[in-house]
Enquirer: 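One structure is given below, represented as structure tokens, and several questions about it will come after.
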Amino acid sequence: MANNLVLKGIAFRPKTKAPMQVKNATMVTRVAGVDGDARGKPGKRQVTLLSAEQWQVVGNELDKVLPWTLRRANLLVSGVSFDASFVGKQVKIGQLILLVTGETDPCPKMDAQVLGLTKALLPDWRGGVCCKVIADGRITLGDKVVIV
């Protein structure tokens with residue numbers, strides 16, 4: 001794995017259909033996921049990760065500059081492209097440990113924001129990955145990310 005993985009974004013939504021809100025730092029726990037996030041309850045989709053590089057591919061395909069929060073993911077990571085080989089691996093950000101449980105499937109809500117977004121997210125796990133929190137931790141933008 002590359003050594004230059006970095007946490008580039010943190011986002012949450014206080015209610016299910018609310019717009020994403022960004023933070024510079026937050027606590028992520030086994031009980032609540034990303035602090036303040038409505039979908040953070042324990043389970044296989046407690047925290048979602050998006051690759052900055054894969055998001056760029058989506059934007060290029062649609063010929064648009066898209067804010068990463070349109071994807072409605074919790075964490076934006078640069079230096080990695082997710083695929084099926086990540087399932088079962090751990091993602092460490094400081095004390096936080098996440099277990100990758102599967103692909104984050106794009107839903108029709110994506111097309112409600114930008115026409116064609118759902119289709120652009122479908123190939124190559126571009127929509128990111130879902131994770132379960134294994135160990136609580138405080139994270140800050142710029143933190144090093146390690147995949148084991």
Enquirer: Flag yes if Leu76 and Leu98 sit in one hydrophobic cluster, no otherwise; membership is Ile, Leu, Val, Met, Phe, Trp, Tyr, and two members link when side-chain heavy atoms are under 4.5 Å apart.
Expert: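 Cluster IDs for Leu76 and Leu98 differ.
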
Enquirer: Provide the closest heavy-atom pair for Ala25 versus Arg138 in the form atom of the first, atom of the second, distance.
Expert: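 Scanning both residues, the minimum pair turns out to be CB-NH2, 3.7 Å.
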
Enquirer: In plain terms, say whether Lys119 and Asp111 are close enough for a salt bridge, that is, a side-chain N and a carboxylate O under 4.0 Å apart.
Expert: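 No salt bridge links Lys119 with Asp111.
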
Enquirer: Applying the 4.5 Å side-chain criterion to the ILVMFWY set and letting contacts propagate, would Val58 and Leu122 be lumped into a single cluster?
Expert: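 They do not share one cluster, since no chain of ILVMFWY contacts under 4.5 Å joins Val58 to Leu122.
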
Enquirer: Give the C-alpha distance, both sets of side-chain angles, the deciding distance and a yes or no for side chain to side chain contact (heavy atoms under 4.5 Å, CB included) between Ile10 and Leu141.
Expert: CA-CA 7 Å; Ile10 302 168; Leu141 292 183; 3.9 Å; yes

Enquirer: Return the CE to CD distance between Met27 and Gln95, rounded to the nearest 0.5 Å.
Expert: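 With rounding to 0.5 Å, CE (Met27) is 9.0 Å from CD (Gln95).
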
Enquirer: What closest approach, in Å, do Trp68 and Ala11 show between heavy atoms, and which atom pair accounts for it?
Expert: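 Closest heavy-atom pair between Trp68 and Ala11: CH2-CB, 3.5 Å.
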
Enquirer: Check whether any side-chain heavy atom of Thr26 lies under 4.5 Å from a side-chain heavy atom of Ile139, and answer yes or no.
Expert: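 SC-SC contact between Thr26 and Ile139 confirmed.
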
Enquirer: Nearest 0.5 angstrom please: Leu99 CG to Cys130 SG, how far?
Expert: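 Output value for this atom pair is 11.5 Å.
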
Enquirer: How long is the gap from CD on Glu103 to CZ on Phe86, to the nearest 0.5 Å?
Expert: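 Taking CD in Glu103 and CZ in Phe86, the distance rounds to 12.5 Å.
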
Enquirer: Should Thr69 and Arg72 count as side-chain neighbours, where that means a heavy-atom distance under 4.5 Å?
Expert: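 The answer is no; the side chains never approach within 4.5 Å.
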
Enquirer: Using atom types as modelled and distance alone, determine if a side-chain donor or acceptor of Gln54 lies under 3.5 Å from a backbone N or O of Asp124.
Expert: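 Flag set: sc Gln54 to bb Asp124 pair under 3.5 Å.
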
Enquirer: Over all heavy atoms of both residues, which pair between Thr104 and Arg45 is shortest? Give the atoms and the distance, please.
Expert: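 Thr104 and Arg45 have their closest heavy atoms at CG2-NH2, 3.9 Å.
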
Enquirer: State the CG-CG distance between Leu66 and Leu62, to the nearest 0.5 angstrom.
Expert: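 Separation between the atoms: 6.0 Å.
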
Enquirer: What I'd like to find out is whether the side chain of Lys8 reaches to under 4.5 Å of the side chain of Val77, using heavy atoms alone.
Expert: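 Contact flag for Lys8/Val77 side chains = no.
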
Enquirer: Do Arg30 and Lys132 have side chains that get closer than 4.5 Å, going by heavy atoms?
Expert: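 A side-chain contact under 4.5 Å is absent here.
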
Enquirer: So, taking the atom named NZ in Lys109 and the one named CZ in Arg71, what distance separates them when rounded to the nearest 0.5 Å?
Expert: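 Reported to 0.5 Å precision, the distance equals 11.0 Å.
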
Enquirer: Could you check whether any side-chain heavy atom of Asp37 comes within less than 4.5 Å of a side-chain heavy atom of Arg13, counting everything from C-beta outward?
Expert: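 Asp37 reaches Arg13 side chain to side chain.
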
Enquirer: Test Trp55 against Leu70 for side chain to side chain contact (heavy atoms under 4.5 Å, CB included), laying out the working first.
Expert: CA-CA 10 Å; Trp55 184 249; Leu70 277 183; 4.2 Å; yes

Enquirer: In this structure, which one of Asp136, Val133, Thr29, Leu7 forms a side chain to side chain contact (heavy atoms under 4.5 Å, CB included) with Leu96?
Expert: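 Among Asp136, Val133, Thr29, Leu7, the one that satisfies the side chain to side chain contact (heavy atoms under 4.5 Å, CB included) with Leu96 is Val133.
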
Enquirer: Check Met110 against Pro106 and note the closest heavy-atom contact, atom names and distance.
Expert: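 That closest heavy-atom pairing would be CG-CB, 4.3 Å.
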
Enquirer: Please determine whether side chain to side chain contact (heavy atoms under 4.5 Å, CB included) holds for the pair Gln56 and Asn60, giving the CA-CA distance in whole Å, both sets of side-chain angles, and the decisive distance to 0.1 Å.
Expert: CA-CA 6 Å; Gln56 183 64 50; Asn60 292 347; 2.9 Å; yes

Enquirer: Side-chain heavy atoms under 4.5 angstrom apart, residues restricted to Ile, Leu, Val, Met, Phe, Trp, Tyr: same cluster for Leu75 and Val87?
Expert: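 Linked, Leu75 and Val87 end up in one cluster.
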
Enquirer: Could you check whether any side-chain heavy atom of Val145 comes within less than 4.5 Å of a side-chain heavy atom of Lys92, counting everything from C-beta outward?
Expert: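 No, side chains not in contact.
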
Enquirer: Using every non-hydrogen atom in the two residues, find where Gln46 and Asn74 come nearest and quote the distance to one decimal.
Expert: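 Minimum heavy-atom contact is O-OD1, 4.0 Å.
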
Enquirer: In terms of hydrophobic clusters joined by side-chain contacts under 4.5 Å, are Val57 and Leu50 together?
Expert: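 No, because Val57 and Leu50 fall into different hydrophobic clusters, even though each may have its own neighbours under 4.5 Å.
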
Enquirer: Yes or no on side chain to side chain contact (heavy atoms under 4.5 Å, CB included) for Val91 and Ile97, after CA distance, side-chain angles and deciding distance?
Expert: CA-CA 6 Å; Val91 178; Ile97 302 174; over 6 Å; no

Enquirer: Does atom CD (Gln113) have a neighbourhood of more than 12 heavy atoms from anything else shown, all under 6.0 Å?
Expert: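 Yes, CD of Gln113 has more than 12 neighbouring heavy atoms, counting only those of other groups under 6.0 Å.
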
Enquirer: With clusters defined by side-chain heavy atoms of hydrophobic residues (ILVMFWY) lying less than 4.5 Å apart, directly or transitively, does Trp125 cluster with Leu5?
Expert: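 Yes.
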
Enquirer: Answer whether the closest heavy-atom distance between the side chains of Lys44 and Cys131 falls below 4.5 Å.
Expert: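 Contact flag for Lys44/Cys131 side chains = no.
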
Enquirer: Check Pro19 against Pro14 and note the closest heavy-atom contact, atom names and distance.
Expert: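 That closest heavy-atom pairing would be O-CD, 4.2 Å.
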
